[in-house]
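A short worksheet on the structure shown next.
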Amino acid sequence: MLFPCTFLSQGFTRSLSITTPEQMIEKAKGETAYLPCKFTLSPEDQGPLDIEWLISPADNQKVDQVIILYSGDKIYDDYYPDLKGRVHFTSNDLKSGDASINVTNLQLSDIGTYQCKVKKAPGVANKKIQLVVLVKPSGTRCYVDGSEEIGSDFKLKCEPKEGSLPLQYEWQKLSDSQKMPTSWLAEMTLSVISVKNASSEYSGTYSCTVRNRVGSDQCLLRLNVVPPSNKAGLIAGAIIGTLLALVLIGLIIFCCHKKRREEKYEKEVHHDIREDVPPPKSRTSTARSYIGSNHSSLGSMSPSNMEGYSKTQYNQVPSEDFERTPQSPTLPPAKVAAPNLSRMGAIPVMIPAQSKDGSIV
């Protein structure tokens, strides 16, 4: 009974086996992960060689999926869309016993358990490798949170933009005595250093290094602790500046309002003048009324008051009333008989004769 058992044990050890141990591999995002899978064959393994890689995603919500396959001397690598074009066999001759693969440009979605299966009938073997993708610290920023004045309290902060946990921090002073203040030693490995009652001795250049298992990043900080500023002067300056701005705005508003009022007044005055101006009289009627009034006055005059009358009064008729556009020559007025004049209401007037010196004869 022992012999057959020994024979089976020897047969098992001589069958196909994967020599690579199960392991966990950690890599940074964007790098290439090498997943080893080396095997040996026994003389009894005479069937066709089949190699298959599968992934069990870390979220455990998806079943195992084939990512690359070798069968019938052909390679098939378009099974898993998330890894399409990023997974390759490392060996050009898989029959030599190397079924290892490379996964390039690693992403966080690549985290999971990968399984290598090798089959060459009657031998079958498989091994699992756990892949962890981490993010290197990057974009680290150092800054002072608070006022950098003597006697004040503030904080020195070191914050990476991204980076997989856990993260480790290390502060160093690069200038002057290169010795960190004693009160800071307890916080040298933290992302934040709390500074109490700052003094000018704290001034200098500091560095903060952030690390995790796949990489590190660093930032620099220049600390300059200065005497307290004149806050009263700053406040007074701010108030004066605000008042000046308000005065300027008030002047602008006043000027704009005054200009609008002047424009409105000019429009109203212009409108009133146009309404008050009477329509122009006919020049012909004006001249006739003027002549008629003079005729009536002449008719009422007696010889006794003729002395104060002068021929020059006829020249008082506005010249503009007699202005005419050039017309064709008019015929002399026809003489009217005396009886007709009486019927028209004319009043006979006796005009005394005058000598050359102007005296009445």
Side-chain angles (χ1 to χ4, degrees), residues 29-30 108 134-212 214-271:
K29 178 183 175 182
L108 296 179
L134 301 176
V135 179
K136 292 180 181 179
S138 64
T140 305
R141 185 170 71 101
C142 296
Y143 63 97
V144 179
D145 183 6
S147 176
E148 302 176 44
E149 296 181 351
I150 295 176
S152 62
D153 299 341
F154 53 83
K155 295 180 179 180
L156 307 182
K157 293 188 175 183
C158 179
E159 296 179 352
K161 186 176 181 180
E162 60 179 3
S164 298
L165 301 176
L167 295 173
Q168 297 177 350
Y169 298 86
E170 182 182 0
W171 287 89
Q172 289 183 337
K173 189 175 184 181
L174 306 179
S175 60
D176 301 335
S177 62
Q178 297 186 353
K179 293 180 64 177
M180 297 289 287
T182 306
S183 59
W184 297 8
L185 296 179
E187 299 177 329
M188 292 294 294
T189 57
L190 301 179
S191 62
V192 178
I193 295 180
S194 298
V195 180
K196 304 292 183 181
N197 192 21
S199 66
S200 59
E201 297 177 356
Y202 295 170
S203 299
T205 302
Y206 296 83
S207 71
C208 175
T209 304
V210 188
R211 294 187 178 89
N212 63 7
V214 293
S216 64
D217 192 29
Q218 187 181 70
C219 63
L220 297 178
L221 171 67
R222 175 62 186 174
L223 179 62
N224 187 22
V225 182
V226 297
S229 58
N230 187 3
K231 295 183 178 179
L234 294 176
I235 295 173
I239 294 174
I240 294 173
T242 304
L243 292 176
L244 290 176
L246 292 176
V247 171
L248 180 60
I249 294 173
L251 288 175
I252 294 174
I253 295 174
F254 174 77
C255 293
C256 293
H257 182 66
K258 183 178 179 181
K259 185 177 181 181
R260 290 181 181 177
R261 290 185 62 184
E262 291 177 352
E263 292 177 353
K264 183 178 180 181
Y265 177 76
E266 290 178 359
K267 290 181 179 179
E268 290 178 351
V269 171
H270 181 71
H271 182 69

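All values reported here derive from a predicted model rather than from experimental measurement.
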- Message: Please check this pair: side chain of Ser203 against backbone of Asn224, looking for a donor-acceptor N/O pair closer than 3.5 Å.
- Response: no
- Pairs where residues 137-175 contributes a residue and the test ring pair (Phe, Tyr, Trp, His ring centres under 6.0 Å) is met, not counting sequence neighbours: none
- Message: Return the CD1 to OG distance between Ile150 and Ser200, rounded to the nearest 0.5 Å.
- Response: 5.0 Å
- Message: Give me the atom names and distance for the closest heavy-atom approach of Leu156 to Val144.
- Response: CD2-CG2, 3.9 Å
- Note on the structure: Residue set satisfying side-chain contact (heavy atoms from CB on, under 4.5 Å) with Gln172, at least two apart, ordered chain then number -> Glu170, Leu174, Ser207
- Item | Min side-chain heavy-atom separation Ser194-Glu187 under 4.5 Å | yes
- Does any pair with a residue in residues 243-263 pass side-chain hydrogen bond (donor to acceptor under 3.5 Å, both in side chains), and if so which ones, sequence neighbours excluded? none
- Query: Taking only residues two or more places apart in sequence, or in another chain, which ones meet Ile252 in a side-chain contact (heavy atoms from CB on, under 4.5 Å)?
  - Reply: Leu248, Cys256
- Query: Mind checking whether Leu167 and Pro137 have side chains closer than 4.5 Å, heavy atoms only?
  - Reply: yes
- Message: For the backbone of Asn197 and the side chain of Asp153, can you confirm whether one donor and one acceptor N or O come within less than 3.5 Å of each other?
- Response: yes
- Note on the structure: salt bridge (charged side-chain N to carboxylate O under 4.0 Å, His left out) filter on Lys136, not counting sequence neighbours, yields Glu31
- Gap separating the OG1 atom of Thr189 from the CD atom of Gln168, nearest 0.5 angstrom: 9.0 Å
- Any disulfide bond (SG atoms under 2.5 Å apart) pairs touching residues 154-205, not counting sequence neighbours? Cys158-Cys208
- Message: Holding to salt bridge (charged side-chain N to carboxylate O under 4.0 Å, His left out), I want the full list of residues that pass it with Glu162, two or more places apart in sequence or in another chain.
- Response: none
- CZ of Arg141 to CD of Glu159, rounded to nearest 0.5 Å, is 6.0 Å
- Item | Option among Thr242, Leu244, Leu243 that satisfies the side chain to side chain contact (heavy atoms under 4.5 Å, CB included) test with Ile240 | Leu244
- So the disulfide bond (SG atoms under 2.5 Å apart) pairs with at least one residue in residues 161-206 (sequence neighbours excluded) are none
- Item | Residue list, ring-ring contact (aromatic ring centres under 6.0 Å, His included) with Tyr202, at least two apart or on another chain | Trp184
- Message: So, using side-chain hydrogen bond (donor to acceptor under 3.5 Å, both in side chains) as the criterion, who are the partners of Glu148 when residues are at least two apart?
- Response: none
Please list, one pair per line, the donor and acceptor atoms closer than 3.5 Å that link side chains of residues 216-223 to other protein atoms, with sequence neighbours excluded.
unit_1 : atom_1 : unit_2 : atom_2 : d
Asp217 : OD2    : Gly139 : N      : 3.2
Asp217 : OD2    : Thr140 : N      : 3.0
Asp217 : OD2    : Thr140 : OG1    : 2.8
Gln218 : NE2    : Thr209 : OG1    : 3.1
Arg222 : NH1    : Thr205 : OG1    : 3.4

- Task: List in chain and number order the residues that pass salt bridge (charged side-chain N to carboxylate O under 4.0 Å, His left out) with Asp145, two or more places apart in sequence or in another chain; answer none if no residue qualifies.
- Result: Lys157
